[in-house]
Number of protein chains: 2
Amino acid sequence: MTNRNILVSIIEDDDTIRSGYSFLIGNTEGYEVVSSYSSYDAAAHKIASDKPDVILLDIEMPGTNGVDAIPRLKKLLPHAHVLILTVYESEKLIFEALANGASGYLTKNTPSAKIIASIKEVKEGGGPMSINIAKMVIRSFQKNKESPLSKRETQILEEISVGKSRSQIANELFIDLETVRSHIKNIYLKLNVNSRADAIKTARENRLI
Amino acid sequence: MTNRNILVSIIEDDDTIRSGYSFLIGNTEGYEVVSSYSSYDAAAHKIASDKPDVILLDIEMPGTNGVDAIPRLKKLLPHAHVLILTVYESEKLIFEALANGASGYLTKNTPSAKIIASIKEVKEGGGPMSINIAKMVIRSFQKNKESPLSKRETQILEEISVGKSRSQIANELFIDLETVRSHIKNIYLKLNVNSRADAIKTARENRLI
DNA sequence: TAAAAATTCACCCCATTGGGGTGATACCAT
DNA sequence: ATGGTATCACCCCAATGGGGTGAATTTTTA
């Protein structure tokens, strides 16, 4: 069997950048640019017939933005991989993009060779990320070391964050219901909130849990 | 100013692998192996004075395992970066390691050049990951496409997962309290559970939310 | 276009929960 | 020995959560 080219579509509103990518990828052995569009809206009705393996997608675009475009592209082309290529490094955008089905996330300062390699990687089921993105993702797993909460309080807040009730927590930690209550009260005091939802929100924002 | 060498400590129980890394890194310009140990327990009392910039850490080890070793190492050497180098690819271990403060996660099939580059990357605040690890991490952000839950049900379960009460959900979605209730009942039916905690657990396990 | 699924709402029941207040004891670690 | 932590107690009461049953309407899909 012969390895066929990796078919790439590009959706990027900046003409210069789009031509640049197109030139770069089109002139690389084993890669083929099947189409390029200046927005998702321009691509929507045509990209399905292009049958790309990988879609390079910008986030900042007129009309439908990149993040919202991902699930639509996945619906049009269930087997295509979406590789985000953008200048944005906001944690929110990155996670939204990944949650929406992006297979990788590169920033625009990524060297050409890495872009080419990432397209192949993504086609083969990998998940390429720029180092700064990987850093943010890793950091998102790490807890804040300067938590105002004690160990026990953190533990209880974690139970709360998975939907446990007071009595469930009391049972699992082998302590009295009242003790759980007083811990929760102290948690609320420290976080300056007065509901489970707010406590969870504040804790997540500050990586306390 | 002159760039000083990157100081590396290695904690790895396999003698052969340890010497291999030691040789590889020690013979690379700009890198210096300041110490190597066959376990965390062996390193515990001495590594602080080695003052490494980066610690290469194995997960599978006699005595204190790698995951538990991370926070202790971070306590001994708050400014050192821990780079996991292991054969394990279990999602649980990866996330535990990252949550415990690991700065990067490489699998042992990583080519030498990539290991060397990753040590530098980690020292400069990056977050290197093997492609297969990045893939798992990315997948962990992505929802299951074959959810038994409807869009609305998923939305409501997400609200529940952040600790919202029925009435809070009703207010935010502009629907009646009773409607929220009936959605929740349907969610419980579909997931075969009968509590918020179980629903959240099942949903998280199946990436429904 | 007809059937199936999703979304919406209603009213029954009732034990449990959640949040607020106040206070107390014991154990640590600095 | 003083402040933070962890434990428990009892006051109050509205709201919540979970279970049952049924039904109208809209949307999606076959």
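Order of the sequence lines sets the chain letters (A, B, ...), proteins ahead of strands, with each chain counted from 1.
- For dG19(C), the OP1/OP2 oxygens have no side-chain nitrogen or oxygen of Arg181(A) closer than 4.0 Å.
- Atom CD of Glu158(A) and atom CD1 of Ile169(A) lie 11.0 Å apart (nearest 0.5 Å).
- Here Leu83(A) contributes atom CG and Glu121(A) contributes atom CD; the two are 9.0 Å apart, rounded to the nearest 0.5 Å.
- Lys51(B) has no carboxylate O lying under 4.0 Å from a charged side-chain N of Glu32(B), or vice versa, which leaves the two without a salt bridge.
- Rounded to whole Å, the distance from CG on Leu191(B) to P on dG18(D) is 13 Å.
- Rounded to whole Å, the distance from CD1 on Ile184(B) to C1' on dG20(D) is 16 Å.
- Between the side chains of Gln155(A) and Arg152(A), at least one donor N or O sits under 3.5 Å from an acceptor N or O.
- We find that CG of Leu177(A) is positioned 13 Å from P of dT7(D), with the value rounded to whole Å.
- Considering only side-chain N and O atoms, Thr179(A) lies nowhere under 4.0 angstrom from the phosphate OP1 or OP2 of dT7(D).
- Results of the side chain to side chain donor-acceptor pair (under 3.5 Å) test with Asp53(A) over Arg4(A), His81(A), His79(A) single out Arg4(A) as the only residue that passes.
- Of the listed nucleotides (dA10(C), dG18(D), dT5(D)), dT5(D) has the atom at the smallest distance from the side chain of Ser150(A).
- Taking only side-chain nitrogens and oxygens, Ser167(B) comes nearer than 4.0 Å to OP1 or OP2 of dT16(D).
- Phosphate contact (OP1/OP2 of dG20(C), side-chain N/O of Asn194(A), threshold under 4.0 Å): present.
- As a whole-Å value, the separation of Glu178(A) CD from dT16(C) P is 15 Å.
- Note: NZ (Lys185(A)) to P (dA6(D)) measures 16 Å, nearest angstrom.
- Among dG19(C), dG17(D), dT8(C), the nucleotide with an atom closest to any side-chain atom of Ser165(B) is dG17(D).
- Backbone-only engagement by Ser195(B) is indicated by non-hydrogen atom pairs under 4.0 Å involving sugar-phosphate atoms exclusively.
- Rounded to whole Å, the distance from CZ on Arg166(A) to C1' on dG19(C) is 6 Å.
- Between Ala197(B) and Ser182(B), the one whose closest nucleotide on DNA chain D sits nearer the 5' end is Ala197(B).
- Contact annotation: His183(A) reaches the phosphate of dT7(D) (side-chain N/O to OP1 or OP2, under 4.0 Å).
- Between the P atom of dA4(C) and the NZ atom of Lys190(B) lies a distance of 16 Å, rounded to the nearest Å.
- As rounded to whole Å, 15 Å separates atom C1' of dG20(C) from atom CZ of Arg196(A).
- Tyr188(A) has a side-chain polar atom (N or O) that falls below the 4.0 Å cut-off from OP1 or OP2 of dG19(C).
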